[in-house]
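See structure below.
Bear in mind the structure is a predicted one, so any value in this text is a computation, not a measurement. Order of listing sets the numbers, starting from 1, for every ligand and every atom in it.
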Amino acid sequence: MITTRFAPAPTGHLHIGHVVNALYVWETARREGGRVLLRIEDHDRQRSRPDYEASILEDLAWLGFTADAPPVRQSDRTDIYERALGRLRHAGLVYACECSRRDIIDAGGSGAELRYPGTCSSKGLAETGDRAIRVRLPPSEEAFGDLLAGPQRQVPSDQCGDLLVRDRHGNWTYQFAVTVDDYDQGVDLVIRGLDLLHSTGRQIQLSRMLGRTEPPRFMHHPLVMSTPEQKLSKSDGASGIRQLRAAGMPPEDVVAAAHAAVNFPLPNSKIQTNS
Ligand code: GLU
């Protein structure tokens with residue numbers, strides 16, 4: 001039986017892009033006889049808001065998406081992240097970093113997503129509250145087969161350099177929290193939008209460093225675009241589920257609109273997970 005998850009960040013209301021993702025998640029789980037976990041990804045304490053979380057949960061229930069376990073919230077999982085960090089630290093894989101974004105640019109950090117050039121990796125700085133923590137990535141290529149996007153090759157050490165585990169404000173990062181959670185919760189199939197495809201190689205490497213022998217399988221699906229070039233953003237009011245509800249649209253029409261918004265390719269064969 002597969003375990004997959006729906007993992008919204010409570011930094012805005014639910015929109016049609018989330019509904020597309022929910023359809024992939026729940027339809028795949030139903031077809032494969034798997035279960036769906038619901039995880040509130042509020043690792044960013046500055047941007048997450050309880051009223052968004054409440055609104056997301058309410059809209060999901062209205063649309064009829066029911067998870068197979070009570071929702072978990074990342075902000076309740078600090079002990080789990082601390083323990084995972086402890087394991088990496090014990091293995092000598094992490095170091096404290098005092099670089100600001102400006103420092104990284106000045107040191108030649110480059111690339112679409114600003115590659116960290118490793119400035120602090122051999123400084124042996126003490127871990128103090130105002131310093132970030134990074135994990136050393138191996139300088140190797142990660143190859144994996146995405147269930148929709150096909151064969152992929154990524155070299156995370158070239159894409160992003162050593163990954164942030166915790167930033168200097170004390171926030172666990174998305175990459176770290178999501179990888180620890182997927183491992184800890186036994187998620188063996190990750191279904192999400194294509195905008196996160198580039199993060200997958202690093203999450204596979206990190207999951208191995210955390211001790212996971214079989215990383216999850218991944219399925220990255222098309223995004224809903226507001227124009228052909230631009231993916232839908234949370235501020236695109238017309239696609240907000242709140243607005244559609246207020247305009248009197250019934251839930252089945254919202255789901256139908258999400259179905260129509262992408263052409264919905266699904267893998268045709270039975271999914272083999274690694275676990
Ligand atoms: N929390 C992320 C988001 O809302 C999704 C994370 C993931 O699926 O890995 O975009």
Please check if the side chain of R134 supplies one atom and the backbone of D162 the other of a donor-acceptor pair under 3.5 Å.
yes
Going by the atom numbers of ligand 1, which of them fall below 4.0 Å from some non-hydrogen atom of Y174?
6 (C), 7 (C), 9 (O)
Excluding sequence neighbours, so at least two apart, what forms ring pair (Phe, Tyr, Trp, His ring centres under 6.0 Å) with Y95?
none
Please name the residue in the list E142, E141, E113 that meets the salt bridge (Lys or Arg N to Asp or Glu O under 4.0 Å) test with R202.
E113
Applying salt bridge (charged side-chain N to carboxylate O under 4.0 Å, His left out) as the test, list every pair that has at least one member in residues 62-79; sequence neighbours left out.
E53-R73, R73-D76, R77-D181, R77-D184
Would R166 pass as a cation-pi partner of F176, given that its NZ or CZ must be under 6.0 Å from the six-membered ring centre and within 45 degrees of the axis?
no
Which atoms of ligand 1 sit under 4.0 Å from any heavy atom of R5?
7 (C), 8 (O), 9 (O)
Quick one: which ligand 1 atoms are inside 4.0 Å of a heavy atom on V178?
9 (O)
As an exercise, identify every atom of ligand 1 less than 4.0 angstrom from a heavy atom of R192.
7 (C), 8 (O), 9 (O)
Ligand 1 N/O within reach of L196 N/O, cut-off under 3.5 Å
no
Which of the ligand 1 atoms, numbered from 1, are nearer than 4.0 Å to a heavy atom of E41
1 (N), 2 (C), 5 (C), 6 (C)
